[in-house]
Amino acid sequence: MSTAKRDTYTPETLLSVAVQVFIERGYDGTSMEHLSRAAGISKSSIYHHVAGKEELLRRAVSRALDGLFGILDEEHARVGSAAGRLEYVVRRMVEVLMAELPYVTLLLRVRGNTGTERWALERRREFDHRVAALLKDAAAEGDVRADVEVRLATRLVFGMINSIVEWYRPDTPDGRDGRDGTGEREVVDAVARLVFGGLRKAS
């Protein structure tokens, strides 16, 4: 991993570097020495800003969780039919995932071995349940098919969205991944078409 330049060091760049190291080595496999080398600063400089690597983990997963929960507070997620709100939430989930790609990737990889990881997993479950409730409401309103069990449908939707972290790489300035020309808007639209093409009841 490339080392950050000391003269560009900020708490934000430290967090960004830490996230990349956590993703590459795994949180359990990352030491403060690894973080120090990757950030290009001493361990004492890191400790000046954070209590340790678990605080960096909490800041990182909080950024991802705040982005996801923030969706549920947006007007279009709160007003209108359940199916309309659900489609809005699904689209915004994809947008947040791509905008906060490293942070969401790390969130999806926590395993529950520390207090922070267990907290993050519980928050993820809470978010999942709120999206599942929207799907259940949409089925009750007759706008989505009722022949697919809600929990299964929710898992499949999340599985599709979460898989984006495994292949989406916004390596070019226009947001395209530099390989197949897929940009953010194309991904959002494709997910929405696939999800709701299968979920909505035939008219």
Side-chain angles (χ1 to χ4, degrees), residues 1 4 10-32 34-35 38-39 46 49-74 77 85-135 151-171 175 177 182 184 187-188 190-192 194-195:
M1 159 143 204
T10 66
E12 185 62 25
T13 58
L14 171 60
L15 181 61
S16 178
V17 169
V19 168
Q20 292 297 338
V21 178
F22 291 154
I23 291 172
E24 290 172 10
R25 301 188 61 88
Y27 176 74
D28 291 337
T30 299
S31 68
M32 292 299 289
H34 294 132
L35 295 176
I46 296 177
H49 294 281
V50 296
K53 71 172 190 173
E54 190 163 356
E55 183 178 339
L56 286 165
L57 176 66
R58 190 176 185 97
R59 290 186 183 188
V61 295
S62 291
R63 178 164 166 170
L65 288 163
D66 288 349
L68 292 171
F69 274 93
I71 296 168
L72 302 178
D73 293 328
E74 295 170 6
R85 287 182 285 134
L86 178 63
E87 181 166 355
Y88 177 81
V89 168
V90 166
R91 285 178 170 274
R92 290 287 291 122
M93 284 171 59
V94 178
E95 291 173 351
V96 167
L97 183 149
M98 291 190 291
E100 303 289 359
L101 188 63
Y103 300 92
V104 177
T105 300
L106 181 61
L107 173 65
L108 295 176
R109 294 183 182 177
V110 298
R111 292 294 176 262
N113 296 328
T114 67
T116 293
E117 290 177 282
R118 289 188 290 275
W119 168 81
L121 288 172
E122 183 59 34
R123 291 284 283 161
R124 271 186 60 193
R125 282 192 288 270
E126 180 185 347
F127 182 80
D128 292 359
H129 290 159
R130 291 181 65 178
V131 176
L134 262 181
L135 179 55
R151 283 180 297 180
L152 175 59
T154 303
R155 287 178 180 142
L156 292 171
V157 170
F158 274 102
M160 180 189 300
I161 295 171
N162 292 344
S163 72
I164 294 170
V165 303
E166 302 300 333
W167 57 265
Y168 184 74
R169 295 295 178 268
D171 295 329
D177 71 3
T182 305
E184 291 185 14
V187 176
V188 172
V191 170
L194 289 170
V195 168

If I take atom [atom1] from residue [X] and atom [atom2] from residue [Y], how far apart are they, to the nearest 0.5 angstrom?
{"X": "R92", "Y": "L72", "atom1": "CZ", "atom2": "CG", "result": "10.5 Å"}
{"X": "R111", "Y": "D28", "atom1": "CZ", "atom2": "CG", "result": "10.0 Å"}
{"X": "L56", "Y": "H49", "atom1": "CG", "atom2": "NE2", "result": "11.0 Å"}
{"X": "L156", "Y": "I161", "atom1": "CG", "atom2": "CD1", "result": "11.5 Å"}
{"X": "E184", "Y": "E95", "atom1": "CD", "atom2": "CD", "result": "8.0 Å"}

Got a donor-acceptor contact below 3.5 angstrom from the [X] side chain to the [Y] backbone?
{"X": "E100", "Y": "A64", "result": "no"}
{"X": "S16", "Y": "E12", "result": "no"}
{"X": "H129", "Y": "E126", "result": "no"}

Open item on the list: Cation-pi check for Y27 against R109: NZ or CZ below 6.0 Å from the six-membered ring centre and within 45 degrees of the axis, yes or no?
Closed with: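 No cation-pi geometry.
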
Can you tell if the side chain of [X] reaches within under 4.5 Å of the side chain of [Y], non-hydrogen atoms only?
{"X": "R124", "Y": "F158", "answer": "no"}
{"X": "L97", "Y": "Y168", "answer": "no"}
{"X": "V104", "Y": "I164", "answer": "no"}
{"X": "W167", "Y": "V187", "answer": "yes"}
{"X": "L107", "Y": "R123", "answer": "no"}
{"X": "L57", "Y": "L106", "answer": "yes"}
{"X": "E55", "Y": "R59", "answer": "yes"}
{"X": "L135", "Y": "V131", "answer": "no"}

Open item on the list: Less than 4.0 angstrom from a charged side-chain N to a carboxylate O is my criterion; do R91 and E87 meet it?
Closed with: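 Looking at E87 together with R91, the answer is yes, because their closest N to O distance falls below 4.0 Å.
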
Grab the two heavy atoms, one from [X] and one from [Y], that are nearest each other, plus how far apart they are.
{"X": "L35", "Y": "A18", "value": "CD2-CA, 3.7 Å"}
{"X": "A120", "Y": "V61", "value": "CB-CG2, 4.1 Å"}
{"X": "T30", "Y": "K53", "value": "O-NZ, 2.6 Å"}
{"X": "A39", "Y": "V17", "value": "N-CG1, 3.8 Å"}
{"X": "W119", "Y": "R58", "value": "CE2-NH2, 3.4 Å"}
{"X": "M98", "Y": "V188", "value": "CE-CG2, 3.7 Å"}

Open item on the list: Whether the E166 and S163 side chains hold a donor-acceptor pair (N or O, under 3.5 Å, no angle test) is what I'd like checked.
Closed with: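 No donor-acceptor contact under 3.5 Å links the two side chains.
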
